[in-house]
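Here's the structure we're looking at; comments come further down.
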Amino acid sequence: MARRRQLYEGKAKILFEGPEPGSIVQYFKDDATAGNGAKKGIITGKGVLNNRISEHLMLRLQAIGIPTHFMKRINMREQLVREVEIIPLEIVVRNVAAGSIASRLGLEEGTRLPRTIIEYYLKNDALNDPMVSEEHIAAFEWATPQDMEEINSHALRINDFLCGTFQAIGIQLVDFKLEFGRLWEQDEMRVVLADEISPDNCRLWDMNTSEKLDKDRFRRDLGRVEEAYQEVARRLGILPESGNHEIKGSEG
Ligand code: 5GP
């Protein structure tokens, strides 16, 4: 493939200019980081699996009417997405206490929360993505109240859908992080789901054994990281059932 212009390199993905105006190629790397880059590593095959898992989930979310940036998967590591103006917020949806909410509020990991909780973090590596409130978001105009209404409503629908999807394959969706962007079509603006949904930004626990099937295996040095991502893909029907872990589908 001809060299394309690189637009941005993040911790887990590279963005290239797409083949048509308003499109972007999202390349999934095997690189893994934790603690805002303090810990670095490679999870072999992660990019290929996340490309497939995210494609699978984005297509299913589109089918229930959630607007997303996803256009199509191009090959093993790349997908074509719509260029959006990223809203500089990380939207975290939590069903069960784990990670930062557990330490912040002194909750035991695994405790079901009294209700689903949405939190907002400012996307700012230099500040370690600080948690912010809707007051901050409105005051600093990171998003409008109308954007936030759409974000909150999409986030809750995505949570309902993903909880059901994962429950059906014996996985508890503990929490996850979403990003949204503004998509302009003529004079109309829509808020759409962007980035990716994968074990990199979800906490996924086996419902029977409580085994972690997500990036916490890397963050907490639990080992068998690739195997956990493969297991999620296998249960979603993306990887063949047994032995051979080759991904279905060709490079092209
Ligand atoms: P926590 O705030 O407990 O660290 O994370 C909550 C959820 O959001 C977890 O599922 C975690 O994977 C996801 N998350 C939060 N911040 C980030 C981030 O900067 N990168 C990624 N990949 N996931 C994040």
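Everything numeric in this text was worked out from a predicted model, so none of it was measured. In each ligand, atom 1 is the first atom listed, and ligand 1 is the first ligand listed.
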I'd like to know if the side chain of [X] reaches the main chain of [Y], judged simply by a donor and an acceptor atom lying under 3.5 Å from each other, with no hydrogens or angles considered.
X: R182; Y: V84; answer: no
X: K215; Y: V225; answer: no
X: K11; Y: G37; answer: no
X: T111; Y: E108; answer: yes
X: D147; Y: V191; answer: no

Protein contact of [atom] - nearest heavy atom, named by residue and atom, plus distance:
atom: atom 22 (N) of ligand 1; value: D200 O, 3.0 Å
atom: atom 20 (N) of ligand 1; value: K177 CE, 3.8 Å
atom: atom 6 (C) of ligand 1; value: R203 NH1, 3.6 Å
atom: atom 16 (N) of ligand 1; value: E90 OE1, 3.4 Å
atom: atom 11 (C) of ligand 1; value: R219 NH2, 3.6 Å
atom: atom 1 (P) of ligand 1; value: S100 OG, 3.4 Å

Atom indices of ligand 1, in the order listed, that fall short of 4.0 Å to a heavy atom of G99: 3 (O)
Where ligand 1 meets V92 - atom numbers and elements under 4.0 angstrom, heavy-atom basis: 6 (C), 8 (O)
R4/E78 ion pair, N-O < 4.0 Å: yes
Salt bridge flag under 4.0 Å for residues D214 and R220: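 No, no charged N to carboxylate O under 4.0 Å.
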Proximity to ligand 1 by part of [X], non-hydrogen separation under 4.0 Å:
X: E119; answer: neither
X: A98; answer: backbone
X: A102; answer: neither

Of the listed options V93, D129, N50, D175, closest to atom 9 (C) of ligand 1 (non-hydrogen atoms):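 Selected option, by shortest heavy-atom distance: D175.
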Test: K46 cationic atom under 6.0 Å from F28 six-membered ring centre, within 45° of axis: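 Ring-cation test returns no.
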